[in-house]
Every structure is written in C-alpha cells, then in structure tokens.
Chemist: 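Starting off with a structure, shown below.
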Amino acid sequence: MLGWEYPPHMSGGLGTACHGLTTALSQLGVDVHFVIPHLLGKETASHMHIVGADLYANQKNIPDLLEATRTTHVATLDPASTESQLSEPLLSDIPFLKIKKIPAFLTPYLKPETYSQLISFYQAYFKQSQKDRPTYINEFLLKQMPFMPPVFLSLLQYENVNESPMQQYGNDLFAEVARFTKNVLNWAQGQSFDLIHAHDWMTFPAGLTLSKLTGKPLVIHVHSLEYDRSGKNSGNYQIQEIEKTATQSAQAVIAVSHYTRSIINQEHCVPLEKVQVVHNGVYSPQAMANYKKENNLQSKIVLFLGRVTFQKGPDYFIEAASRVIPIMPDVTFVIAGTGDMLPQLIMRVTEQGLEKNFVFTGFLKGEEVERMYSIADLYIMPSVSEPFGISTLEAVSHDVPVIISKQSGVSEVLNNALKVDFWDVDRLANLMIGILKYPEIRDDIVSMAKEEVRKLQWERAANKVLDIYKKTLEVPQAFASI
Amino acid sequence: MPSVCFYFQVHQPLRLKHYPYFHVGNDHTYFDRTGNQSIFLKVAHKSYLPTNKLLLELIRTHRNAFKVAFSITGVAIEQMRRFCPEVLDSFKELAQTGCVEFLAETYYHSLSSIYDETEFSEQIDKHIGMINLLFHQTPKIFRNTELINSDAISAMVERKGFQAMLAEGADDILEWRSPCFVYQRNGGTLKYLLKSYKLSDDIAFRFSNQSWSEFPLTAPKFANWVHNVSGNGQVVNLFMDYETFGEHQWSSTGIFEFLKALPAEILQHKDWNFLTPSEVIQTYPPVASLSFPRIVSWADLERDLTAWQGNHMQKAALRQVYEFAQEMRNRNNPVALDLWRKLQISDHFYYMCTKWFSDGDVHAYFNPYQNPYEAFINYMNVLTDFRKNVLHLEAI
C-alpha cells in the first residue's frame, strides 16, 4: 500500500484514513506493507510493515530492462529533474517560476509554491550563522509565514538540516512525487506482494509504474480529486492527468463517496462498474458543525428514521412517546420515513391527542438525513428484527445518543448504547426521559460510543476493500490491463 | 523486631432497586431489599462466616500472637443485623479475644471527605458510636473510604483527634521511600500506615491468577517475601477487602488453606510478629514526614478517584447529592438524613464508571446494572424523587 502520510504526522485526513483502514484490514488477515515518503520516527503501526521510501533512495540497481518504463513515467512528472537536490543553483534558479504560471491550486497538503517557498526559508535559516538566527526555527518560519501548514511544522523537529527528510526530497511537490516513485521502485525489488493499493494522486505514479513492472493489479483509492480541491476549470493540469491516467489504467478504483464516484465517471471517463464506493470510518466534523449551527430549536427532538413498516417498530416508538409526553410536554418526536404503516400511525397519534408533539417528515434523502441526525437529541431504533442497523452508527457519528432494540445486530457490537426489548415500551420511555432530563449522560455516552463506531465503520470499510481485492485478483491480469 | 499488620475492609453497599421515572412521586423506597439480602447472604456464607471462624482459630492456636484489624462500614453492620445476625456475633467474638482492633471510617462508606467536611465529621462520629456500642472499643486509627487521602483530608482527620490513618503506599507519593515504615503527616502529628500494595495485591488480586509467574502462591513463599523486608523496613502493612477470602478468591482456589498456614510461616522467624495498627504506632516512631499533594486511593492502576468521579455523569450526580447537605442537616429529621446519607454510598457512583466499559468491564461482576448509563439514570430518578417528594424542593 502506498501512502503519503501516517499519524501522528499529518496534514489532512489521509493519514487518519490510512491508519483506520490498515488496522481493520490487518485484522482481516491482510498483510500490509505501507510505504510513505519518509518516516519521522513517531509512527506506531504494529499491525503492519511501515516503510519509509527514502531509505531506498541510493539503490541504483533497478534492472535495465525496466529502466525504460520507469523513466517515461518519472520524466512526465518532474518538470525539473529527477535528480534535483537542495543545491544553490536550484534555489536561485527557482523551478517555482514555472509553477507560478500555473493557476493556484490546493493539494490536500500544500500548494507547490508554498512548498518551494518553505523549503527556501528552511534553507535560509540554516545558512545563517548560529548566533544570528533565532534559537527556534519555528519562530523564524512563523515570522516569514504566519500561516504555516501543519505538514511543515511536523518536519521542524529536525534541528539539523542534514538529518531532515527534506535533504533528500526535491523542493517542489512534483519532484518529491517523482523521488517517491523512484524510491518505491527501489524498495519493491526485494518484496513480494499480490496487489498494489495507492492512495491519492501523489502515490499514483508509483502505483502505476510498479503495476506495469510487476504485472500485479493496481487498486486506486481516491480520497479527493483535483476537481474537488480547485473546481472544474482551475485545477492543475498535471495532477488531473495523473488522476485520469491512474483511474483509467487501474484494475479497480475506490471512491470515498458516491459523489466522488460520479465525478471520476464524468471527468475521467471511467466506467461506473469499475468504481466502488467505500465510505471512510468517520464523518467530516466540519459538515456536522455547520448543521449544528442551524439547530436553535428550544424543544428536545427524539428521532425515528427508517421505513415506516412493521419490521422497524415505529408503533413502539409512538407508545413510548405517549408515556414520555405527560412528563416532558415540550419534547418533539420526529418520524422520518415512509411506509405502509404511516396512515395507521398518524391515526394513533391523533387518537391520543399527541399531534402537537409529533412531526412526520416523509421520506428524507442524502443531506436531509444528515441534517435530521444533526438536530436530534436522541435516536431510537425500536426494530422488531434488524439484521444490523447501520443508521445507529450514523446517529452516533452525528453525536446523537441511541436507544436500540435488543433484536438488532448492532446491539451485539455496540456497548455504549442503551438497549431494550422492542416490546418493552415502559422501559424505553424511562430511558428516553433519563437521557433527555439528565444532559450529562449525552456527554459520556456519545464520546464513548463514537470511539466504538469509528472502529466498527472501519471494519465495514475494510471488508468492502477486501472484497474489491478478491474480485480484482480473480480477473486474469493479461486481460485486465488492456 | 519487624511486624506484619493485617487490616481487612468489610463493606456491602445498599443497591438501589430499579426505579423508573414513573415512580417519582409515588414510591419513596429506594433500595432493592431482596437483591441486597441475597447478595449479603451469599457473601456471608462464602466469606465472612468461614473467615471469621478461621481467624478465631488462628488467634487461639497462636495464643494471641496473631492479630488483625477490621474496618466495618455502618451499612454493612446494618445488613448483618437485618439479614444475618450470626455474622455480627462472630465479629463480636473476635473482638473479645483482644487481638482484633476496629478502625474508624465514614459510617456510609461515602466520599464526604472530598465534598463536605461537616458531613465527613458527622459520619465518622456515627461510625465511632456504633463500634463503641458493638465492640466496646473506641477507634484511634482512621481509614477513609477506598483509602482516599490527600494533605487536606489528613488535616481533617488530624483535627478529629485520630492518632494515625491508613493510606495507599502509592509510588508517586513515596518515590524512593519504602511503605514499610511509619510516617508522619507533613506539618502535623498524625501518623501514616502505608499499604504495601505489591504484597497485599499478591493475595487480593493475583492469588488465583494462573498466568502469574509466581502461581501458585504458597504460604512459605509469601512468608519468605515478607521476611525479605528484614533490615529494610519495620512493618509490612497488608491491607485488603475482607471478601478476598472466599468471595473474590473462591474457597476452591485454596485461599483459606493459605491464610491458615500463613501466621505460622511468618512467626517461624522469631524476630517477626503481628501487630494491630495502634500497636504499630506505639512500637515504631515515624521515620520521616510525608506529603500527599494529590488525592490518592487504593483503586485501579491510577490509584486515584476516576472510578468514582471520572466522567460527567458521576460528577453531576455527586454534585447534586451534596448540594443539599446544609438543608438536610438543618431539618434535623433523622429518617430523611439517614436516607440521604445512604444515597452517598460510594458504590452508587462506582456503577456509573465508564472507564473500562468498552473493553468488557472487569468490574462488571460487582455491578448490578447492565451499563453505567442505566446506573446513572436510575440514581438520578431516585434523587429526583428524594428532592421533590421527600424534601419538597423545587425540581433541578
């Protein structure tokens, strides 16, 4: 597996995602060799082999036979030179003059010009004599660049420039990608593996080349696209080309959402059958924060979300609600979804004169679902019979405590939830009141449950990835790569 | 002449019954009488009765050379009286040997030392009164709930006139020093007896652990470890829950045979003896002063309070129960006061602990609830009723 970063040194979500995915994959028996540009020493990954590619920089013995393939790929990537070192001429000569012509774009990590700029500051710092320069490089750099990207801060632990991973990698992003590609090829000579899994465009050249050289299938994992980062017409052309080539030539493509999948399909002309969606284990906290702001409602909201059918137990939800309302008359009960029981439920609610406390939203989709979870104070899944109950995990991911029926698969794996027999409406009502009345419980149960859910979600993600591996390996490679 | 000092803690909580919110206003009995009775009887027959019998035998066999100390909570005594008076009789019989010392603590096994000094003081007085009445002794030595101590707590204990108190020999408090000496409170005269946690836990926790490298633990082996202290210490304080014998370590593990053989093994070395805590401080002067800058307990690896006040629920519940302390005492209603104090029993808060919950709680054995959240809801429902309908106070 080829990656760009690993916890604790991270600039984006990619490192976290790689950690979650590899941990869960290793539990499924997958032997993962995870290669990143360089190790900073604080990474812990007992579940797999983690490799810093820079260690393989000086091996020159790539067989000639493979040389041609290697250079064609590397050359297209590196505008300066594959051998670029941190040398004086390069600094003044400035490859970023070239880059500056390129419209601004954001990689998930750094803009190329920011990157080059930082390198030059970094070198300038060490060029000063020790007594002239500030004691801490951070001070110096922060003065130059008040908005220091976190990835760079993480490199600052290297007091001595000669020990720095910077020394080996080029001073623009493409040079670094090229260097990484070369190092990966060096490393791979001593390895045996069945499949290559590459995360995001920086590792795609390495993945592609390695796949071409070894004939092993390539799985491309798209966490974000240049299209997302920079918009439709302003992205970096080179990056888009890398993404296009990789998604088209890979044997399988994994997208982190249906949205990303459709962009890959439209922008890069990759057939939908080839692109599988595997959701990450966690939701973006940013999106959730936005929804929260909208919630200025005074009354508490208890949510039922799902098909309004016998199997989901919405009638038990109403029975329990009718016991809560006399004690807490301000609570709103939301039934989100539709189904054959809906008319019957509405009748039951009006019969008991509880219509003021009930909202029937009808069927919700996509963003509406997320918004609904975000404003809820409590989620109830009273299913009569539920194979798993993935909605529970979604509710928890949105910081909502859950009460679930013992007749569900999820109740077997989630400890930090309240559990009732679906028919035990008195007990359900008591727990509802408890959670709504005593707010401290929410603080504790949500933080504990989220940790569990994160693990469970990654398990599901890893299972899907493993399926993709298996299917990919079943296809004879001779045909697959055509 | 080095000594071994045994102290056993006897406590059984009063567990709450299932108390749904709908009971608020209609039901003011809070405790699970049937459940408490059956647990108490089980523990009495598995642990208290056989161990008391064995200790009595040992004291007689060794002609008063074997001595122990007990601290028995008021709520445990009440349950002995109500459910199994012969347990109380057997403790009285032990008291009559003159080889058993009874220590003072809070009657309600509460955390009042952290929340309310007046409350702390009154609960100690109530406990001393009970010990006096039952065992004809006036305790001179204090032990706090779960061996909780800090500089502030020991200052209160000293003000109460105690000569010494028991505390955990936590590593970060002792640093390079040994728990096998008597210490003195920093800036005061109160003496400290510190638990030798390694040797104590060898019996209390590791005795039946088959993956422990020292398994099986025999009396000669353990006595040898104790004797190794000779020259480096004066007193080995072995402090543990009394339920260790027969309940935490079942009879089938050989714990009773171990206890039966141990005094003879210890006394084999003629310069070793057994002393009670009061005798320890009369025999050995303090070697240095000791400060407890943080709150220390004998619980878990952390030796702190996180098992009782580690999460939001526990803090909220504790804050609310101590909120009406002044109100309760002003009313001078003994029945309501006793009821309120029973809601202070530390175990109620322990059941709400989420520390180990996700990784298959090892403490689940002691917990009557399915999960810490239901423990909290149940407790808060009871507290709501108590506040509204016993005290007629406004809702929170």
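Side chains are part of it too, since the values below use all heavy atoms of this structure and drop only hydrogens, waters and symmetry mates. Just so we're on the same page: letters track the sequence lines, and every chain starts at 1.
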Chemist: Which atoms of F376(B) are under 4.5 Å from chain A, going by heavy atoms: the side chain, the backbone, both sets, or neither?
Modeler: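 Answer is side chain: those atoms of F376(B) sit under 4.5 Å from chain A.
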Chemist: Select one option (side chain, backbone, both, neither) describing which atoms of I433(A) are under 4.5 Å from chain B's heavy atoms.
Modeler: side chain
Chemist: Compute the centroid of each ring, for F349(B) and then for W308(B), and state whether the two points are separated by less than 6.0 Å.
Modeler: no
Chemist: Can you tell me which portion of K437(A) sits under 4.5 Å from chain B's heavy atoms? Options are side chain, backbone, both or neither.
Modeler: side chain
Chemist: Mind running side-chain contact (heavy atoms from CB on, under 4.5 Å) on W250(B) and S208(B) for me, showing each step along the way?
Modeler: CA-CA 9 Å; W250(B) 289 359; S208(B) 60; over 6 Å; no
Chemist: Side chain, backbone, both or neither: which part of I327(A) has a non-hydrogen atom closer than 4.5 Å to chain B?
Modeler: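 Contact with chain B involves the side chain of I327(A) alone.
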Chemist: Counting the benzene-type ring for Trp, do F34(A) and Y6(A) have ring centres under 6.0 Å apart?
Modeler: yes
Chemist: Could you tell me which portion of R323(A) (side chain, backbone, both or neither) has an atom closer than 4.5 angstrom to a non-hydrogen atom of chain B?
Modeler: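 Both backbone and side chain.
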Chemist: Thinking salt bridges, do D172(B) and R294(B) make one under a 4.0 Å N-O criterion?
Modeler: yes
Chemist: Classify the ring geometry of Y351(B) against H348(B): parallel below 30°, tilted from 30° to 60°, perpendicular beyond 60°.
Modeler: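 Geometry flag for H348(B) against Y351(B): perpendicular rings.
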Chemist: What residue, out of L431(A), D443(A), L414(A), N430(A), has the most heavy-atom pairs lying under 4.5 Å from chain B?
Modeler: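 Sorted descending by pairs with chain B, the first entry is N430(A).
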